[in-house]
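Down below is the structure, laid out as structure tokens.
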Number of protein chains: 2
Amino acid sequence: MDPQPGRKRLPRKVREQQMLDAAVQVFSRHGFHAASMDEVAERAQVSKPLLYLYLGSKEEIFSACIAREADRLVNAIGSAALNRDDDPADRLWHGLTAFFSYVAEHRASWVVLYQQARSQSDSLAAQVARSRSEIIDTVTELVRQSMESPARGGDGSNYAALRRESAAVAHALVGAADALAEWALAVPGEQPEATARRLMNMMWIGLERRAKGEGYHAPDGPAGTDGPAAPRP
Amino acid sequence: MDPQPGRKRLPRKVREQQMLDAAVQVFSRHGFHAASMDEVAERAQVSKPLLYLYLGSKEEIFSACIAREADRLVNAIGSAALNRDDDPADRLWHGLTAFFSYVAEHRASWVVLYQQARSQSDSLAAQVARSRSEIIDTVTELVRQSMESPARGGDGSNYAALRRESAAVAHALVGAADALAEWALAVPGEQPEATARRLMNMMWIGLERRAKGEGYHAPDGPAGTDGPAAPRP
DNA sequence: CAGTAAACTTACTCTTGAGTAAGAACGTAC
DNA sequence: GTACGTTCTTACTCAAGAGTAAGTTTACTG
């Protein structure tokens with residue numbers, strides 16, 4: 001007789017994953033410092049000493065969460081964006097769709113990765129910064145390829161500027177995606193594809209025209225370092 | 001004889017502001033839960049009981065920080081964006097420039113407002129949500145005015161869609177601005193105006209063309225709810 | 001120079017939560 | 001069944017930090 005089947009004596013690897021699942025949930029709700037390891041243990045249906053025996057310390061548990069979730073997210077985006085056709089726009093589109101789907105489905109994962117992670121100041125910052133830049137780098141590369149493809153002759157002189165601009169775009173894109181993902185969760189019936197399309201519409205066209213040399217011309221602002229200011233249409 | 005002038009017996013209002021200054025710094029570095037009130041007291045050059053006597057509890061102190069900083073930020077943006085010419089693009093431009101200047105100069109303030117604030121789950125969430133939506137609403141209104149101005153006949157049928165789209169744009173804009181602000185701090189010589197111009201170039205052109213009915217058309221993705229898919233140029 | 005109200009401090013209490021010591025239950029090999 | 005290694009728990013220790021009791025100093029007023 002076994003009243004609760006599957007609820008006892010699991011192999012270590014399985015338990016560890018359960019613990020990490022619980023930890024991600026708790027960290028995402030409360031943040032690193034406010035998260036209670038008692039709560040993690042309770043959620044994982046396990047006692048606290050086992051948690052510590054398997055995973056070390058609170059920091060190590062957080063670290064393991066970050067590593068696992070970053071890996072999952074990068075894989076999700078990468079497999080959607082990289083193994084596709086060569087058109088940068090479509091790759092970006094698929095990547096964004098994958099991202100919004102991922103966030104919608106694994107919200108806690110994203111919260112831990114992007115939001116909770118930013119604020120920590122300890123040694124966690126390094127770990128977190130690495131994971132974040134892994135994501136940003138993927139996007140930066142995507143954007144960079146997009147920006148050099150149309151109407152960019154062998155212009156190698158402003159390569160540094162191109163790199164800087166693509167980094168800026170990538171950061172903005174990820175930030176916008178984050179904010180949009182949170183917004184989308186509060187809007188009933190907003191599908192991940194729809195959110196991705198919104199973001200593409202906002203930014204991609206800007207990129208295309210930017211590549212052709214067009215752009216917004218600032219009026220005479222407080223600091224006029226704009227060079228020759230042309231009138232807007 | 002007064003060896004350290006200005007270091008003793010200050011009136012309550014002044015001390016309170018010093019305490020809030022210190023609190024903003026500490027909260028921005030460590031987040032709400034990890035922030036130590038001892039550290040706040042030390043930074044404010046004051047003992048802990050005085051801190052509690054004047055400002056109440058840790059939560060109330062955090063609350064007061066949020067309220068004060070949100071007010072400052074909204075004022076900074078509002079006075080730059082609203083008291084200008086009527087062109088929505090220029091207003092947005094001035095607002096963004098003011099924003100990036102503010103973040104560059106009062107980094108801790110923004111961190112507390114936008115980053116730390118998102119994670120809390122307690123009653124703080126309400127306070128924080130109100131302040132954040134105050135900012136978002138300002139931007140949403142700016143964006144909405146921009147979107148209806150060009151080539152939008154008296155089309156009142158998709159008013160709800162317009163509202164939703166402008167909300168999405170506003171969220172994306174603020175998220176992108178946040179990410180860009182952080183990025184800009186790590187790039188030497190990046191001026192607030194330059195960052196604002198980048199963001200305008202990314203998004204404003206997208207908005208303009210979007211208003212004319214143009215947009216990115218997704219390829220045959222996993223979910224093809226795109227309506228009639230026209231080929232991209 | 002009292003007297004008094006505000007500004008301010010030292011030195012505590014008490015809760016919460018990270019981390020652990022010591023050992024109990026379970027499964028498996030012989 | 002009995003030896004042995006793995007899984008797992010009850011019941012603690014200990015430090016950090018929120019919040020406070022009671023008292024001390026300064027400045028101003030009559």
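All heavy atoms count here, side chains included; hydrogens, waters and symmetry mates do not. Residue numbering restarts at 1 for every chain, and letters A, B, ... go by the order of the sequence lines.
- Residue-to-nucleotide contacts include a donor-acceptor pair under 3.5 Å from the side chain of B/R9 to the base of C/dA7.
- For the pair B/L50 CG and D/dT26 C1', the interatomic distance rounds to 14 Å; values are reported in whole Å.
- Using modelled atom types, one finds no donor on one side chain facing an acceptor on the other under 3.5 Å when comparing A/S28 with A/Q25.
- Going from atom CG of A/L51 over to atom P of D/dT10 covers 15 Å, rounded to whole Å.
- When atom types are taken as modelled, the side chain of A/H94 and the backbone of A/D90 share a donor-acceptor pair closer than 3.5 angstrom.
- A/E60 and A/S63 share no donor-acceptor pair across their side chains, judged by distance under 3.5 Å alone.
- Distance, B/E16 CD to C/dA6 P: 14 Å, rounded to whole Å.
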Tell me, for nucleotides 14-22 of chain D in 5' to 3' order, what letter each nucleotide earns: B for a base near a protein heavy atom under 4.0 Å, S for only sugar-phosphate near one, - for neither?
----BBBB-

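- For the pair B/K13 NZ and C/dA6 P, the computed distance is 13 Å after rounding to whole Å.
- Going from atom CE of A/M19 over to atom P of C/dA18 covers 15 Å, rounded to whole Å.
- Ring planes of B/F62 and B/F27: perpendicular class, angle over 60° (limits at 30 and 60°).
- When every heavy atom of B/T97 is checked against every heavy atom of B/P192, the shortest pair comes out as O-CB, 4.4 Å.
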Using Watson-Crick and G-U wobble pairs with both distances under 3.5 Å, what is the 5'-to-3' dot-bracket string of DNA chain D, with [ ] for crossing pairs and | for pairs outside the strand?
||||||||||||||||||||||||||||||

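- Closest to the B/Y54 side chain, of the nucleotides C/dA7, C/dT9, D/dC8, is C/dA7.
- Judged by distance alone, the side chain of B/S133 and the main-chain N or O of B/I136 form no donor-acceptor pair under 3.5 Å.
- A salt bridge links A/E16 with A/R12: the closest approach of a Lys/Arg side-chain nitrogen to an acidic carboxylate oxygen falls below 4.0 angstrom.
- The separation between A/E42 atom CD and D/dT9 atom C1' is 15 Å, rounded to whole Å.
- For the residue pair A/R43/A/Q18, the side-chain donor-acceptor check at 3.5 Å is not satisfied.
- Taking the charged nitrogens against the carboxylate oxygens, B/E190 and A/R164 do have a contact shorter than 4.0 Å, which makes a salt bridge.
- Between A/L55 atom CG and C/dG19 atom P there is a gap of 12 Å when expressed in whole angstrom units.
- Dashed line: the shortest gap from a side-chain N or O of B/R15 to OP1 or OP2 of C/dA7 is not under 4.0 Å.
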